[in-house]
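In what follows, a structure is listed as structure tokens, so that the remarks can point back to it.
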2 protein chains.
Amino acid sequence: MVNPQPRKRGRPPKQAPDHGDTRESLLRAGVATLTRKGFVATGLDEILALANVPKGSFYHYFASKEAFGAEAIARYGAYFAAKLDRHLLDERLAPLDRLRGFIANAEAGMRRYEFRRGCLVGNLGQEMSALPEAYRSQLDAVFMDWEARLAACLRLAQARGEIGSGRDCARLAHFFWIGWEGAVLRAKLRRSGEPLRIFAEGFFALLA
Amino acid sequence: MVNPQPRKRGRPPKQAPDHGDTRESLLRAGVATLTRKGFVATGLDEILALANVPKGSFYHYFASKEAFGAEAIARYGAYFAAKLDRHLLDERLAPLDRLRGFIANAEAGMRRYEFRRGCLVGNLGQEMSALPEAYRSQLDAVFMDWEARLAACLRLAQARGEIGSGRDCARLAHFFWIGWEGAVLRAKLRRSGEPLRIFAEGFFALLA
DNA sequence: AATCATTTTAGACTGATCGTCTAATAAATG
DNA sequence: CATTTATTAGACGATCAGTCTAAAATGATT
């Protein structure tokens, strides 16, 4: 349960900074649930129950499920980009070791939820043909953002001679995220981190 | 529309061999729709309308939506395995060219539907946490079947020295399907065959 | 302090759609 | 003609996203 305490009716006090707290709980619960079950399979009632927020509040803060989903995508995209940077910009490690660190961390994260949660962006991407068309460009933009961050890291490795100088790092980054989403999908299906490791191994073999 | 003619109530005449036709129409329409929209997002009404079959008939032929889905998975798995064999066992081509042929054919197939249809097995795998648990082993088995067929083809290439003799072809095949599903997902999202080509290029680079 | 305005919540309600089921219908069978 | 078997029509309750009204609790105004 994300926010177990009950809420009081009426306007909240100003010094008790409830401001945006309900909204925040909803988004947190939404990201968690969408990451696990996807958009179509997730009912508002489920998010509401997880956040301990009454239904009446939802439509006070969000215009629709579609608008809520768009914010959840943005939220997840930013959260994940920050996590990525924490690894890929860590100057204590060699560039490729940073990527290895991210991969290990991602597997640990999936294991923590018994491989039931995947990637929100991947989930919604797969559902695209049943989703609001406006999500398409948003999801694609998130991928491109992640790719740019990875490409920068790969270029650092390339400058150190750890990636052949002829290789196109942007293309390699593209390749990585294409395959990584497949690996996450498969890890969810098999309830195992092995697909993540198999893909990672292949990816690193490709760089040499 | 898969089967446009209307149906009469009551037991059908014997000489007009409708036998199994309704059921067949349902499965065909089901595979098409599940390949496009996934399991949860697809309502029975949509399949029924596509097959031009009345709702009451559905539960005459199938015990439940879950049972119907299981048959659709099996149907798609077998259909796809046959398509795979048509390429991978084509002795007129060198083993790796057979794989290239399959990839090109798959891209053409996706383009034909404007990249709106993906892979039924991949779709349902992604939805797994909202699906009947019984699907898990079934979907995994389909993947393993496809992997075995690809691995055999790769071993042929290895025997011809086109893949390093130290490489584990089963593992390479596993890598391929992990990444391929990611590429299909991305192709759907971008409405473009480019992700398929980028993944394929990387995969072949990995073999050398 | 009393009043008013604003923000938020409670939860019943709507219409659509979901998967499922029963009773009726029509042909085959004896 | 009576019975059995195959098929369908349409009703059913559950659940869905989304709406709405009234109540409640605070801030602002006087």
- Pairwise side-chain contact, B/V121 with B/W146, heavy-atom cut-off 4.5 Å (strictly under): yes
- Measure the shortest side-chain to side-chain distance between A/F175 and A/L206 over non-hydrogen atoms and say whether it is less than 4.5 angstrom.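 Yes, close enough: below the 4.5 Å cut-off.
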- May I ask you to verify if any side-chain N or O of B/H60 is less than 4.0 angstrom from the OP1 or OP2 atom of D/dA6? no
- Message: With a 4.0 Å cutoff (strictly under), does any side-chain N or O of B/T22 reach OP1 or OP2 of D/dT7?
- Response: no
- What residues, two or more places apart in sequence or in another chain, satisfy ring pair (Phe, Tyr, Trp, His ring centres under 6.0 Å) together with A/F176? A/W180, A/F199, A/F203
Find the distance [X]:[atom1] to [N]:[atom2] and express it as a whole number of Å.
X: A/Y61; N: C/dT7; atom1: OH; atom2: C1'; answer: 8 Å
X: A/R23; N: C/dT7; atom1: CZ; atom2: P; answer: 15 Å
X: A/F62; N: D/dT19; atom1: CZ; atom2: P; answer: 15 Å

- Should the heavy atoms of other residues, nucleotides or ligands under 6.0 Å from CD of B/E91 be counted, would the total exceed 12?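 For B/E91, atom CD is not crowded (no more than 12 foreign heavy atoms under 6.0 Å).
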- Does OH in B/Y79 sit with more than 12 non-hydrogen atoms of other residues, nucleotides or ligands closer than 6.0 Å? no
- Near DNA chain C, which residues from residues 30-37 of chain B have a heavy atom under 4.0 Å away?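 Correct list: empty, so none.
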- Would you say the side-chain atoms of A/Q158 pair up with the backbone N or O of A/C169, donor to acceptor, closer than 3.5 Å? no
- Any donor-acceptor pair under 3.5 Å linking the side chain of A/N123 with the backbone of A/L34?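 Yes; at least one donor-acceptor contact below 3.5 Å.
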- Checking salt bridge (charged side-chain N to carboxylate O under 4.0 Å, His left out) for the pair B/E181/A/R186: CA distance, chi angles, key distance, verdict? CA-CA 9 Å; B/E181 288 296 331; A/R186 196 67 177 278; over 6 Å; no
- In the 5'-to-3' direction, what one-character label does each nucleotide of nucleotides 15-21 of chain C receive under the scheme B = base within less than 4.0 Å of a protein heavy atom, S = sugar-phosphate only, - = no such atom? ---SBB-
